[in-house]
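Shown next, in structure tokens, is the structure this report addresses.
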Amino acid sequence: MTFLDLFAGVGGFRRGMELAGHKCLGFCEWDKYARMSYISMHCITDEQRAYLATLDMKQRQKEILKDEYLNGEWCSTDIRAVDAGNIPRADCWCFGAPCQDFSIAGKRKGLEGDRSSLIREVFRVLNELKEEDKPRWLIYENVKGMLSSNGGWDFFSIICEMDVGGYDVQWQLLNTKLHGIPQNRERVYTIGHIRGDGGGEIFPLKAADREDCAEHQQKGLWGGKLFKQYPGEKFLSMNDAFMTDIGTDTASTVTARYYKGLGNHKDNLVVKQIGRLESDKRDNPNPYRVYDADGIAPTLNCAGGGGREPHTAIRIGGGTPRTS
């Protein structure tokens, strides 16, 4: 099956589809640095990679955005500039439209926000296509907060858009920890297939151990209940987090309310601070914390550099731990 990767980021969706045996025809991504990473990981040849490695970083960043490094793949930098005349015909469209306005971490503007509302551009392009040119499948992924955005009406609006476009729709809230990935991460997957084209039932998906996800939820295995603090651990400040019990093998997603301290998380977090770099700032600022390399480190934020990235302890040659 051929597919397009819209709101592509660095290509996580693409990687999964390709591992399943499908072929990507092209992608759309606004962020320049995400496109650089995407092209480097998914588009260039070994020969091109070897040449780029001879350039310094600034030269490499400029060079890799040239069309020749796409090697024939379609690419758009702005979903608002895509239309029926310039988008390739594919069997499936994959899209994880921006989540910031749906997320419980944000201001919850939903489809009225500047970012999450961009999903409407997908439906605009879809409706411009002739019926015979429409993709057979739509796969849409977003955060759990989408279900409750604007009292549920935003998700209802998205479902209606698919329906108007001629698609029957199925959806399910999935958690990665039940499907072979060691992280507690809930996402809503919505799949549309052309009405009358023989699409079968896809959901509910079974968990990796063949139990239904709903059964796991009823048994209380969601929401961090698999985690516990190591006995006797001492933390440096209220903002330090827990490390997982080794027997769980699952890491919890670090939430956007991390700054509010452990009191609001109980046993949900699984990173462990073991030190801090020297700073004349407040007592324990995030950029100066050092995390255990044997545990789970926080997700990189969108600071775009500037020395705000988290640090983890490493050992060089078995000697004194250093930070990176």
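Note that the structure is a prediction, hence the values are computed from the model and not measured.
- Transitive grouping of hydrophobic side chains (ILVMFWY, heavy atoms separated by less than 4.5 Å) brings F95 and L126 into a common cluster.
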For E29 and R35: C-alpha separation, side-chain torsions, deciding distance, then whether salt bridge (Lys or Arg N to Asp or Glu O under 4.0 Å) applies. CA-CA 6 Å; E29 173 53 44; R35 288 200 309 278; over 6 Å; no
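- Taking the six-membered ring for Trp, Y140 and W93 have ring centres at least 6.0 Å apart.
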For L6 and C94, run side-chain contact (heavy atoms from CB on, under 4.5 Å): C-alpha distance rounded to whole Å, both residues' side-chain angles, the deciding distance at 0.1 Å, then the answer. CA-CA 6 Å; L6 309 178; C94 302; over 6 Å; no
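- Taking a 6.0 Å sphere around CZ of R15, one finds it holds 12 or fewer heavy atoms contributed by other residues, nucleotides or ligands.
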side-chain contact (heavy atoms from CB on, under 4.5 Å) for F155 and W171? Distances and angles first, verdict last. CA-CA 11 Å; F155 185 52; W171 67 89; 3.7 Å; yes
Would you check, one step at a time, whether the test salt bridge (Lys or Arg N to Asp or Glu O under 4.0 Å) holds for R14 with E73? CA-CA 13 Å; R14 174 179 180 146; E73 285 198 16; 2.6 Å; yes
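- Taking the centre and axis of the six-membered ring of W30, the NZ or CZ atom of R80 falls inside the cone set by 45° and 6.0 Å.
- Under a hydrophobic-cluster definition in which Ile, Leu, Val, Met, Phe, Trp and Tyr are linked whenever side-chain heavy atoms come within less than 4.5 Å, directly or via other members, V10 and Y33 are assigned to different clusters.
- Residue D56 places its CG atom among more than 12 non-hydrogen atoms of other residues, nucleotides or ligands, all under 6.0 Å distant.
- Applying the side chain to side chain donor-acceptor pair (under 3.5 Å) test to E132 and every residue at least two apart in sequence or in another chain returns nothing.
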List the steps, then state whether ring-ring contact (aromatic ring centres under 6.0 Å, His included) holds for W137 with F3. CA-CA 9 Å; W137 296 97; F3 68 95; over 10 Å; no
Show your reasoning for whether salt bridge (Lys or Arg N to Asp or Glu O under 4.0 Å) applies to R136 and D91. CA-CA 5 Å; R136 181 184 177 191; D91 300 315; over 6 Å; no
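- We find the CZ-CG distance between R187 and L173 to be 9.5 Å, quoted to the nearest 0.5 Å.
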